[in-house]
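The residues of the chain are indexed from 1 along the displayed sequence.
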Amino acid sequence: MNSNPLTLIEHGKEALGIYIKAIGLEYNSKARHFKHTQPRIAFGVALTRHIGDSLTSDVLEKDRTTIIHYKRKHADNMHLWDGYDTLFETAQYIVDSYFNETAKLDRVAYIDRVIREMVEEKKSIQSKINV
């Protein structure tokens with residue numbers, strides 16, 4: 001997968017959009033009601049597994065230490081916060097699917113670039129042989 005931080009943030013925001021649409025909620029990074037915090041925390045924990053705390057904080061428009069707090073409280077949330085486990089499983093499925101598919105597409109683009117470079121090198125060598 002492309003490890004450019006800006007690209008990873010862009011991918012994270014796209015995955016967030018898919019997730020928010022799937023659960024039928026409008027994303028609000030500032031809202032403190034549990035109907036907004038639960039999905040945000042669940043998605044944040046799922047996303048950190050792919051892009052880390054700092055980039056996840058950029059995607060969710062939250063401080064990095066908030067993301068770390070999300071991860072610390074995750075196990076408790078899974079057992080104690082009604083509905084969180086379902087939101088996390090949904091987030092994890094969407095994030096994993098999105099990033100695995102994106103990784104495949106990035107790999108195909110890399111292979112295409114290598115093939116183009118090799119074809120150009122082949123032509124260059126052939127032109128020198130023919131001269």
Side-chain angles (χ1 to χ4, degrees):
M1 172 167 256
N2 186 336
S3 60
N4 176 333
L6 295 177
T7 302
L8 292 175
I9 292 168
E10 181 180 304
H11 288 316
K13 287 182 179 185
E14 289 174 12
L16 176 61
I18 294 167
Y19 171 67
I20 292 302
K21 186 174 182 180
I23 63 171
L25 185 72
E26 188 172 321
Y27 184 71
N28 182 341
S29 67
K30 306 239 185 288
R32 297 176 59 99
H33 190 276
F34 79 92
K35 76 177 188 175
H36 292 281
T37 57
Q38 265 191 336
R40 182 172 56 235
I41 294 168
F43 183 82
V45 173
L47 188 60
T48 60
R49 296 175 179 180
H50 289 276
I51 68 172
D53 301 343
S54 294
L55 297 178
T56 298
S57 72
D58 290 336
V59 170
L60 295 179
E61 300 172 2
K62 292 300 209 183
D63 188 80
R64 182 184 61 83
T65 58
T66 300
I67 304 304
I68 293 168
H69 178 74
Y70 290 173
K71 292 182 352 184
R72 280 194 195 130
K73 300 302 282 178
H74 175 68
D76 290 340
N77 289 342
M78 288 292 284
H79 298 293
L80 302 174
W81 206 0
D82 190 38
Y84 177 85
D85 56 344
T86 302
L87 289 168
F88 175 71
E89 289 167 7
T90 303
Q92 186 175 33
Y93 175 78
I94 289 171
V95 169
D96 288 351
S97 298
Y98 180 86
F99 276 85
N100 289 338
E101 187 64 30
T102 300
K104 290 174 191 173
L105 293 172
D106 285 348
R107 181 73 178 152
V108 167
Y110 170 77
I111 291 169
D112 285 343
R113 190 176 78 238
V114 169
I115 289 170
R116 279 192 307 275
E117 290 171 359
M118 294 186 86
V119 166
E120 289 173 19
E121 182 180 354
K122 176 184 172 189
K123 289 178 183 177
S124 174
I125 292 170
Q126 285 176 330
S127 70
K128 291 175 185 172
I129 293 172
N130 293 334
V131 173

Working to the nearest 0.5 Å, report the span between [atom1] of [X] and [atom2] of [Y].
{"X": "I51", "Y": "I9", "atom1": "CD1", "atom2": "CD1", "value": "7.0 Å"}
{"X": "T66", "Y": "L60", "atom1": "OG1", "atom2": "CG", "value": "10.0 Å"}
{"X": "K35", "Y": "N28", "atom1": "NZ", "atom2": "CG", "value": "9.5 Å"}
{"X": "Q126", "Y": "K122", "atom1": "CD", "atom2": "NZ", "value": "5.0 Å"}
{"X": "I125", "Y": "K128", "atom1": "CD1", "atom2": "NZ", "value": "7.5 Å"}
{"X": "Q38", "Y": "D85", "atom1": "CD", "atom2": "CG", "value": "9.0 Å"}

Check: So if you build clusters from Ile, Leu, Val, Met, Phe, Trp, Tyr with side-chain heavy-atom gaps below 4.5 Å, do I41 and I68 land together?
Finding: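 I41 does not cluster with I68.
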
Notebook entry, point to check: Judged by atom type as modelled, is there a donor-acceptor pair below 3.5 Å linking the side chain of R40 to the main-chain atoms of Y27?
Noted result: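 Not at all, since once roles are kept as given, no pair shorter than 3.5 Å links the two residues.
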
Check: For I67, does its backbone N or O pair with a side-chain atom of K62 as donor and acceptor, under 3.5 Å?
Finding: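 No.
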
Check: Are the charged groups of E120 and R116 less than 4.0 angstrom apart, N to O?
Finding: no

Check: So F99 and H50, would you call those rings parallel, tilted or perpendicular, with 30° and 60° as cut-offs?
Finding: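 Parallel: the ring planes of F99 and H50 meet at under 30°.
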
Checklist line | Derivation and outcome, side-chain contact (heavy atoms from CB on, under 4.5 Å), residues R49 and V95 | finding: CA-CA 9 Å; R49 296 175 179 180; V95 169; over 6 Å; no

Next item on the list: Go through the steps for E10 and L6 under the test side-chain contact (heavy atoms from CB on, under 4.5 Å), then give the verdict.
Entry: CA-CA 6 Å; E10 181 180 304; L6 295 177; over 6 Å; no

Show which side-chain atoms of residues 72-82 pair as donor or acceptor with protein atoms under 3.5 Å away, not counting sequence neighbours.
from	atom 1	to	atom 2	distance (Å)
H74	ND1	Y84	OH	2.8
N77	ND2	K73	O	3.4

Can you see which heavy atom on [X] is nearest to which on [Y], and at what distance?
{"X": "A46", "Y": "F88", "result": "N-CE1, 3.8 Å"}
{"X": "K13", "Y": "D58", "result": "CE-O, 4.1 Å"}
{"X": "I94", "Y": "A15", "result": "CG2-O, 3.9 Å"}
{"X": "A42", "Y": "L87", "result": "CB-C, 3.8 Å"}

Next item on the list: Using a cut-off of 6.0 Å, state whether more than 12 heavy atoms not belonging to E117 lie near its atom CD.
Entry: yes

